[in-house]
**Q** 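Take a look at this one; I'll ask things after.
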There are 2 protein chains.
Amino acid sequence: MKMLTVNEVAKLSGVSVRALHHYDDIGLLKPASIGRNRYRYYGQDELLRLQQILLHRELDIPLSEIGAILDAPKFDRLETLHKQRDRLAKEAKRYARLVRTIDRTIASLNGDDAMKNAELYKGFSAEKQAGYEKWLIDTYGGDMDKHVEISRKAYAALSAAEKARLQDELQEVETAWAEAMKNGVSADSKALDPLLARHRAWVAVMWDRPCPPEAYAGLADLHLGHPDFVKRYETIAPGFSDFHAASMKAYAKRLAG
Amino acid sequence: MKMLTVNEVAKLSGVSVRALHHYDDIGLLKPASIGRNRYRYYGQDELLRLQQILLHRELDIPLSEIGAILDAPKFDRLETLHKQRDRLAKEAKRYARLVRTIDRTIASLNGDDAMKNAELYKGFSAEKQAGYEKWLIDTYGGDMDKHVEISRKAYAALSAAEKARLQDELQEVETAWAEAMKNGVSADSKALDPLLARHRAWVAVMWDRPCPPEAYAGLADLHLGHPDFVKRYETIAPGFSDFHAASMKAYAKRLAG
DNA sequence: GATAGTCCCTCACGCCGCGTGAGGGTCAAC
DNA sequence: GTTGACCCTCACGCGGCGTGAGGGACTATC
């Protein structure tokens with residue numbers, strides 16, 4: 001049976017030699033055997049246990065608990081896993097919330113608050129409503145007033161949890177979208193389709209009516225033409241307002257074609 | 001001017017007295033004045049600075065850096081804020097990824113692996129194929145064999161990466177979906193529309209053909225009738241199988257209406 | 001003005017998960 | 001037998017406090 005020294009284990013697993021010493025000290029991972037020269041030797045079982053340790057360490061579980069978990073019977077582990085999942089989900093949300101807080105702070109430094117954002121998207125900010133309706137009527141003709149009224153009522157009727165959910169959804173989409181841009185994805189790439197589908201669905205919910213491709217493309221132009229939108233997107237990432245509009249239009253074209 | 005003692009500041013801010021001592025020691029937050037009795041006295045300015053400190057501490061910024069940030073000119077802070085935002089966004093993603101990993105682990109412990117999921121959802125698991133086809137034929141009449149064959153081939157043609165991506169997508173949707181339920185969003189809420197749109201799109205990909213509203217609603221019933229599905233959803237969260245089906249049906253109704 | 005109770009202070013050690021030496025043995029290869 | 005790469009065992013340090021210990025200071029009540 002091949003035995004491994006600390007250095008070899010370290011290189012295999014990516015953990016430091018000192019960490020192995022430490023795990024030995026605290027009894028988390030004992031070597032399979034110790035030579036008369038006091039060298040630590042690890043076997044296959046120890047490597048497997050180490051994998052488990054590292055996996056749990058990734059989850060920010062204290063080493064003492066990891067030991068307890070690994071030494072516990074298997075059916076307990078599933079429960080532990082569920083608990084960890086919830087804890088991590090909370091952490092993930094906490095961070096997401098912090099990101100939003102920062103975003104709002106940045107936005108408010110730019111003289112832009114959350115309420116205004118919701119209104120922006122709905123297109124019903126008191127000051128802008130006139131201009132927006134004009135645009136809608138110019139574009140689609142007909143009686144938009146009814147739509148506007150319906151939409152406003154529908155949004156007001158949502159519960160706080162639902163509004164929060166929608167807010168989260170938009171945040172998520174925009175973040176991933178800007179991320180894609182930063183990663184060099186081109187605006188007309190099909191890789192953006194899932195994101196754009198989500199965005200379009202989101203817009204449809206805000207409008208409380210379907211968002212046909214032409215309307216979606218029109219929305220892109222609308223954004224470009226409104227300094228408020230441009231500012232909002234540039235705050236997310238420089239260059240994002242153009243990218244945002246370009247990808248919306250490309251997507252609308254794909255939908256129509 | 002009202003001066004506050006450590007205890008008062010502690011109660012106001014939620015920080016411990018010891019922490020205030022510590023902040024004094026490291027020079028992060030010095031009291032406005034110190035009495036002859038060596039008591040620390042804090043004023044309004046210190047409270048404001050403390051707020052800032054706590055805000056940054058929430059972001060897991062080391063105290064030494066917080067000091068540097070707060071003592072830096074304001075225009076530098078915006079940049080710092082942007083950097084922190086990116087860092088936190090990465091953390092949030094890391095946690096989200098971990099949650100997904102755990103979800104997959106839990107799922108696989110339940111004997112619920114990717115392949116099986118795909119089969120389940122496609123409704124072509126060998127044992128169930130007969131019953132499912134019967135249902136499809138009853139409902140839509142006509143020649144389903146062709147569809148079945150096409151779908152199976154299409155899925156087989158996907159690369160491993162694409163399959164993994166689909167798996168992740170489903171995982172993401174289901175997690176957010178269950179989350180919404182836990183937060184008290186009602187099954188027929190429009191706030192779920194973006195999620196349901198994603199889900200329906202996902203189903204369409206699995207089927208390799210569009211998923212009309214009636215078929216989507218039918219799928220909900222199919223799920224309720226199949227213990228495998230029910231078990232799968234109940235594993236995600238108790239009560240989720242019903243919520244899942246109910247929201248699918250409500251969504252389908254909205255689509256049709 | 002004594003007493004009690006609640007505040008305040010200053011040390012100083014402890015926790016976790018190692019990093020980073022110092023000081024000294026051990027191994028394989030030439 | 002020498003070199004160089006490993007191995008070992010201490011032992012201190014970091015960050016952000018928690019948690020006493022031991023002792024003054026303030027306030028209210030008798």
Side-chain angles (χ1 to χ4, degrees), chain A residues 2-43 46-47 49-70 84 87 91 94, chain B residues 2-43 46-47 49-70 84 87 91 94:
Chain A
K2 186 73 203 317
M3 286 301 193
L4 303 168
T5 68
V6 274
N7 201 357
E8 290 162 337
V9 173
K11 277 175 187 160
L12 275 176
S13 66
V15 83
S16 75
V17 171
R18 178 66 178 90
L20 290 175
H21 286 177
H22 186 57
Y23 296 162
D24 187 3
D25 287 349
I26 65 174
L28 180 56
L29 180 68
K30 293 275 182 196
S33 66
I34 296 186
R36 308 173 211 75
N37 49 13
R38 302 199 158 182
Y39 281 24
R40 295 171 177 84
Y41 294 108
Y42 297 86
E46 286 70 32
L47 278 185
R49 186 175 168 96
L50 181 53
Q51 292 297 337
Q52 294 283 326
I53 292 172
L54 295 183
L55 206 148
H56 286 81
R57 198 183 59 170
E58 271 294 287
L59 311 181
D60 283 343
I61 304 176
L63 297 185
S64 55
E65 276 185 48
I66 296 181
I69 292 170
L70 294 187
Q84 293 305 330
R87 192 178 58 75
E91 280 295 292
R94 188 175 85 89
Chain B
K2 185 71 204 318
M3 284 303 192
L4 303 168
T5 67
V6 274
N7 202 357
E8 290 164 335
V9 173
K11 277 175 186 159
L12 275 176
S13 65
V15 84
S16 75
V17 171
R18 179 64 179 90
L20 289 175
H21 287 177
H22 186 57
Y23 296 162
D24 186 4
D25 287 349
I26 64 173
L28 179 57
L29 180 68
K30 292 277 183 194
S33 66
I34 296 186
R36 316 171 211 78
N37 49 16
R38 301 199 160 179
Y39 281 24
R40 294 170 177 84
Y41 294 109
Y42 297 86
E46 286 70 33
L47 278 185
R49 185 174 168 97
L50 181 53
Q51 292 297 338
Q52 295 283 326
I53 291 172
L54 295 183
L55 205 148
H56 286 81
R57 197 184 58 170
E58 272 294 287
L59 313 182
D60 284 343
I61 304 176
L63 297 184
S64 56
E65 276 184 48
I66 296 182
I69 292 170
L70 293 186
Q84 293 304 331
R87 191 178 59 76
E91 281 295 292
R94 188 175 86 88

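Keep in mind it's a predicted model, so treat the numbers as computed, not measured. Protein chains get the first letters and strands the later ones, always in sequence-line order, with residue 1 at the start of each.
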**Q** Whole angstroms only, please: what is the CG-C1' distance between B:L54 and D:dC17?
**A** 14 Å
**Q** Between D:dT9 atom P and A:D24 atom CG, what is the distance in whole Å?
**A** 8 Å
**Q** Between P on D:dA25 and CG on B:N7, what's the gap in Å once rounded to a whole number?
**A** 19 Å
**Q** Suppose we screen for salt bridge (Lys or Arg N to Asp or Glu O under 4.0 Å). Which residues come up paired with A:K30, at least two apart in sequence or across chains?
**A**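 Partners of A:K30 under the salt bridge (Lys or Arg N to Asp or Glu O under 4.0 Å) test: A:D24.
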**Q** Quickly work out the B:H21 NE2 to C:dC8 P distance and round it to whole Å.
**A** 8 Å
**Q** Walk along nucleotides 16-30 of chain C from 5' to 3' and tag each nucleotide B, S or - by protein heavy-atom contact under 4.0 Å, base first, then sugar-phosphate.
**A** -BBBB----BBS---
**Q** Starting at CG of B:L4 and ending at C1' of C:dC7, how long is that distance when rounded to a whole Å?
**A**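 Checked: the CG to C1' distance equals 15 Å.
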**Q** Who passes side chain to side chain donor-acceptor pair (under 3.5 Å) against A:R57, sequence neighbours left out?
**A**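 A:R57 satisfies side chain to side chain donor-acceptor pair (under 3.5 Å) with A:Y23 once adjacent residues are dropped.
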**Q** Under the rule for side chain to side chain donor-acceptor pair (under 3.5 Å), what residues qualify as partners of B:R87, not counting sequence neighbours?
**A**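 With neighbours one apart ignored, the set is B:Q84.
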**Q** Please assess A:Y42 against A:L50 for the test side chain to side chain contact (heavy atoms under 4.5 Å, CB included), listing each intermediate value before the final yes or no.
**A** CA-CA 10 Å; A:Y42 297 86; A:L50 181 53; over 6 Å; no
**Q** State which residues pass side-chain contact (heavy atoms from CB on, under 4.5 Å) with B:Y39; sequence neighbours excluded, sorted by chain then number.
**A** B:N37, B:Y41
**Q** Which residues pass the side chain to side chain donor-acceptor pair (under 3.5 Å) test with B:H21, not counting sequence neighbours?
**A**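 Listed in chain order: B:R40.
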**Q** In this structure, how many angstroms lie between the C1' atom of C:dC7 and the CZ atom of B:R38, rounded?
**A** 17 Å
**Q** Could you tell me the separation between the CD1 atom of B:I53 and the C1' atom of D:dG16, rounded to a whole number of Å?
**A** 13 Å
